[in-house]
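We use all heavy atoms of the structure for the numbers below, so side chains are in, but hydrogens, waters and symmetry mates are not.
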2 protein chains.
Amino acid sequence: MPPTLKDVAERAGVSRAAVSRTFTDGASVSLKMRRKVEKAATELGYSPNALASSLTTGRTKLIGLVSNNFHNPIFLEVFDLFTRGLQERGLRPLLVNLSDETDPANSIRMLRQYSVDGVVVASSTLPPGFAKAFRDAGVPVVHSFGRYASSPEVHVVGIDNAECGRMAARELVRRGYRDVAFLGGPESATSTQDRFRGFMEELAKYPEISVRHSFAEAYSFNAGRKEMLALLKDRPAEAYFCGDDVLSIGALSAIADSGLKVPGDIGIIGLNDMEMAGWENINLTTIRQPISQIIDSSIELIVSMLENPDRYPEARLFPCKVIERGTLRPVD
Amino acid sequence: MPPTLKDVAERAGVSRAAVSRTFTDGASVSLKMRRKVEKAATELGYSPNALASSLTTGRTKLIGLVSNNFHNPIFLEVFDLFTRGLQERGLRPLLVNLSDETDPANSIRMLRQYSVDGVVVASSTLPPGFAKAFRDAGVPVVHSFGRYASSPEVHVVGIDNAECGRMAARELVRRGYRDVAFLGGPESATSTQDRFRGFMEELAKYPEISVRHSFAEAYSFNAGRKEMLALLKDRPAEAYFCGDDVLSIGALSAIADSGLKVPGDIGIIGLNDMEMAGWENINLTTIRQPISQIIDSSIELIVSMLENPDRYPEARLFPCKVIERGTLRPVD
DNA sequence: TTCCATTTTGCAACCGGTTGCAAAATGGAA
DNA sequence: TTCCATTTTGCAACCGGTTGCAAAATGGAA
């Protein structure tokens, strides 16, 4: 058993309160006392039990990190950045894998049992109500990559997906494509709905351009590939705005199979700019989502909610930009 | 503030002990009492504070999941399987991102502060001493993907990397390559050292086959690409056994740049069989590491150590096998 | 109804910490 | 040296649970 406060107090010949105070910042302890206690503590190898202290302080420094997207390579970056960022601030990520579950009740119960100080929901597919359920349960929550709402009920940090849709549309128009299509992620994903809406909105300005759309079953390689294989059976569009990068790569593989060339015969633009999109043998033209800013900002927000749980909800949207690589034909 | 045991006890008009008992399996409570308490509990929306109870039970059901490999796509599968598996058993993963840190002291202190019941170290690059430091600190630990030692001091679950090296060598020999090479991961990674040793051992049986080796800086796309670009400046080998899949893909991209063809001009065999290796536009011949078995077994082991912390250490090794795809030339 | 073995319940101490309050110690000024 | 404002310290109660023990309740047999 590891040594406790009491052990240290006895060895140092002081009260338990004194030991507790030397280990809490800002508490009143004389230098002499501190030295005595620290000596005893290092001799015993003592370090305070964070869970025990959480009982009285009401802070566990545990942050629930909830996601349903463990198979998308973009989440390597997301997890890396989140865990690093939280660690740097002395917080600890408690991971919750939602897999197929979309009812928040279980996650909420579990995270409440562990008294997490806050929750970050990292998902572009869950509806706003998911994060809201945490708020209603009294748990500070930030929805990263969530849907932007003009009157958010919960903090949202992410991108303007509709604007990304418009951006993709403008990019295709600019490059002279006249027969374009949206190959979305799952139709139930808020990010796909919004990107679709923006895409169609922008293209409505160009009645001479033909537009079609379809949806893949998931943001995944296989779903993108499958959907593109189906599309290739008929006469495909000249260019596709795909749901995200991994889906784009699936589509690219289907196109390669068919013997058509990218960008010669078909253009593809993705979204995310995950690391892999820049790999030379992928070389995907895509819209960059500023992941690291989104995550920094999410952490900053959740940290500030620890101080002020009733902080007025806000939406923080970061601009995206087109990263030109090799899957759209050049302008003119 | 969420309701506590006391609130439920008051509302139900019973003792706190009675409430506690209805929420702990195997405790003695009459059906009548149970009903009364459950009614009050659901009315108040009570669920027990896991951290508070951990103080007396000595169990937090928290498992530290320590890794340093957040950028390798194989970890998508690893995280997904670990989090699911732990959740299914009522355990919670507390994630620790080691990034560049290789001194266990900080992680140990932190995980002890949170009184984790056990730790899984998931890494094929950390030396055995890392996991051992946890054991020495009295924390049950399993090293997944760790180095096999004939007299392990710590539970290791993984593969026989030396045997994988031999397997790769045999595969290259079988396909008639006469000028082969090892393109390892970082020279400091135990997995690379072992694969290298096995590879050389097997090839030592064939003096007529020329063998060379070099090491990439990391198990990563960029490192693999960079190393292969360098190798291509001189006359490259006929086939390479690469450190792992992601490194292999980097190497493939370098080869594609050079205008050489795979498997026509150069053969590549990887290791891991991560999801991406099977993507049709990657189509990497590789050695499959049975990730899901390794993780199931790791979880099973750590769970059993919760009952019996002094369980005699063992090494569990799972056989690997060659998955033939398109990056080695056919036999004859 | 009485008796007794068995089951259920509550009391009170405990897990490892924190913190308000009052008492003790400190230290500078007169 | 005395006095007093300020700093430091310990006591004891508390955070939200669990659990050993003894007392109370239960229920079946006689």
Just how far, in rounded Å, is [atom2] of [N] from [atom1] of [X]?
X	N	atom1	atom2	value
D7(B)	dC14(D)	CG	C1'	15 Å
M1(B)	dC14(D)	CE	P	19 Å
R34(A)	dT7(D)	CZ	P	16 Å
R35(A)	dT8(D)	CZ	P	14 Å

Electrostatic pair [X]:[Y] at N-O distance under 4.0 angstrom:
X	Y	value
R11(A)	D7(A)	no
E43(A)	K39(A)	yes
E314(B)	R316(B)	yes

Pairing string of DNA chain D (Watson-Crick or G-U wobble, both atom distances under 3.5 Å; | = paired to other strand) is ||||||||||||||||||||||||||||||
Next on the checklist: Is the ring pair F70(A)/F79(A) parallel, tilted or perpendicular, if the boundaries are 30 and 60 degrees?
Outcome noted: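 Aromatic pair F70(A)/F79(A) classed tilted.
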Plane angle bin for F75(B) and F145(B) - parallel if under 30°, tilted between 30 and 60°, otherwise perpendicular: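 F145(B) and F75(B): tilted rings.
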Q: Begin from the C-alpha positions of R109(B) and N106(B) and carry the test side chain to side chain donor-acceptor pair (under 3.5 Å) through to its verdict.
A: CA-CA 5 Å; R109(B) 189 158 32 77; N106(B) 275 334; 2.6 Å; yes
Can you see whether N68(A) engages T125(A) through a side-chain donor-acceptor pair at a distance of less than 3.5 angstrom?
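Yes - a donor-acceptor pair under 3.5 Å links their side chains.
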_Pair T60(B), D117(B) - check side chain to side chain donor-acceptor pair (under 3.5 Å), show working._
CA-CA 6 Å; T60(B) 55; D117(B) 289 345; 3.3 Å; yes
Please tabulate the protein-to-nucleotide N/O contacts below 3.5 Å involving nucleotides 15-22 of chain D, giving atom names and distances.
from    : atom 1 : to     : atom 2 : distance (Å)
dG16(D) : N2     : A52(B) : O      : 3.3
dG17(D) : OP1    : N49(B) : N      : 3.2
dG17(D) : OP2    : L5(B)  : N      : 2.6
dG17(D) : O5'    : Y46(B) : OH     : 3.3
dG17(D) : O5'    : N49(B) : N      : 3.4
dG17(D) : N7     : R16(B) : NH2    : 2.7
dG17(D) : O6     : R16(B) : NH2    : 3.0
dT18(D) : OP2    : S20(B) : OG     : 2.1
dT18(D) : O5'    : S20(B) : OG     : 3.4
dT18(D) : O4'    : T56(B) : OG1    : 2.8
dG20(D) : O6     : R21(B) : NH2    : 3.0

Practice problem: For S28(B), report the nucleic acid contact type (base, sugar-phosphate, nothing); a contact means any heavy atom under 4.0 Å. | Solution: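 The answer is base, as S28(B) lies within the cut-off (heavy atoms under 4.0 Å) of a base atom.
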